[in-house]
Protein chains: 2
Amino acid sequence: MVQYQAADLDASFAALADATRRGVLEQLGRAEASITELAETFRITLTGMKKHVVVLERAGLVTTEKIGRVRTCRLGPRDLEEEAAWIEHRRQLWNARFDALDDVVRDLKRKETANGPKKR
Amino acid sequence: MVQYQAADLDASFAALADATRRGVLEQLGRAEASITELAETFRITLTGMKKHVVVLERAGLVTTEKIGRVRTCRLGPRDLEEEAAWIEHRRQLWNARFDALDDVVRDLKRKETANGPKKR
DNA sequence: CTGATACTGAACCATATGGTTCAGTATGCT
DNA sequence: AGCATACTGAACCATATGGTTCAGTATCAG
């Protein structure tokens, strides 16, 4: 069984809980980019974007490398496998529960039909 | 193509970014529970647990129903499908990128071998 | 009616978040 | 050298978060 690391999940779900940071991940999915480029895309200050990048780095979703004046940002090293696994596991329990509920509802409807439709 | 609703993703990723709330979802995956029961499991006050439940409700991950004095909490109506889809989509781009990187590395190694191993 | 139970809401607290501005430092260009 | 570029760090701000306590309200049990 997979063991989820609470702190890791905290950090990456928190990182994903912001539209700007999700946008950064999308942009980096297409091509690497500098802090300046990312800041321009999202119309915020360099300093503001730097902070987002730090959050993404701490979550392990982005790596950066400074060459000369420019810090280049890329995806990785984590690939959200753990988060995907957590969500999928939950979804399975979820759906099992909803299926069970469906059965109950179906059962009720069947009985209701057998007793004739209820008056309004 | 799926359209992701930024506000929905914000709310549910934020809801998932806390170990206590993830624990609540797990517990509710096994059986419905009252606020009191949840608060006891996680050793926090009733008021504190109420707030977590409100967050999960706003994210659509939990529904509650108050009968008499007791508010019963259950999973639903959302089942994290959108979140799973977002993560999976990202993972695909991710992995495509890493595969491409692998190719480059493999290519470099091949050339290196062809030119004889580099001195340390 | 009385007391216990289960929650609710307001107020407060410390810390985090998402943003800014301003003042650097380090690097590249001419 | 001298200027522009790219980032960095400190300080500040408003709001949100995760928790608490305290003072209710509503319901159930006897």
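The chains referred to below are lettered A, B, ... by the order of the sequence lines, with proteins before strands, and numbering in each begins at 1.
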Can you confirm whether A/L38 sits close enough to A/L28 that some side-chain heavy atom of one is under 4.5 Å from a side-chain heavy atom of the other? yes
How many Å lie between CD on B/E57 and C1' on C/dT8, as a whole number? 13 Å
Name the closest nucleotide to the B/I44 side chain, picking from C/dT17, D/dA6, D/dT20. D/dT20
Of A/D18 and A/I67, whose closest DNA chain C nucleotide lies nearer the 5' terminus? A/D18
Between D/dT20, D/dT27, C/dT8, which one does the side chain of B/K50 approach most closely? C/dT8
What contact category does A/G48 fall into here, base, sugar-phosphate, or nothing, at under 4.0 angstrom with non-hydrogen atoms? base
Write down the distance between CG (A/D10) and C1' (C/dA16), rounded to a whole number of angstrom. 13 Å
For atom CZ of A/F42 and atom P of C/dG18, their distance in whole Å: 14 Å
To the nearest 0.5 angstrom, please state how far the CZ atom of B/R69 sits from the OG atom of B/S34. 11.0 Å
Any donor-acceptor pair under 3.5 Å between the side chain of B/K51 and the base of D/dG19? yes
Does B/V55 belong to the same Ile/Leu/Val/Met/Phe/Trp/Tyr cluster as A/F13, with side-chain heavy atoms less than 4.5 Å apart forming each link? no
Scan A/I35 against the nucleic acid and name what it touches under 4.0 Å (heavy atoms): base, sugar-phosphate only, or nothing. sugar-phosphate
Round to the nearest Å and state the distance from A/R71 atom CZ to C/dT25 atom P. 18 Å
Does OP1 or OP2 of D/dT27 have a side-chain N or O of B/K66 closer than 4.0 Å? no
Does B/R69 have a side-chain nitrogen or oxygen under 4.0 Å from the phosphate oxygens OP1 or OP2 of D/dA29? no
Any side-chain N or O of A/R21 under 4.0 Å from OP1/OP2 of C/dG18? yes
Taking CG from B/L38 and C1' from D/dG18, how many angstroms apart are they, rounded to a whole number? 16 Å
Output yes when at least one side-chain N/O atom of B/T47 is less than 4.0 Å from OP1 or OP2 of C/dT8, else no. no
Could you state the atom-to-atom distance from CG of A/L46 to P of C/dA26 in whole Å? 17 Å
B/F13 CZ to D/dT17 P: how many Å, rounded? 16 Å
Between CE of A/M49 and P of C/dG19 the distance, given in whole Å, is 8 Å
Taking C-beta and beyond as the side chain, do A/I44 and A/H52 meet within less than 4.5 Å on heavy atoms? yes
So which nucleotide from C/dT20, D/dA6, D/dT20 ends up closest to the side chain of A/T45? C/dT20
Can you hop from A/L25 to B/L16 via hydrophobic side chains spaced under 4.5 Å? yes
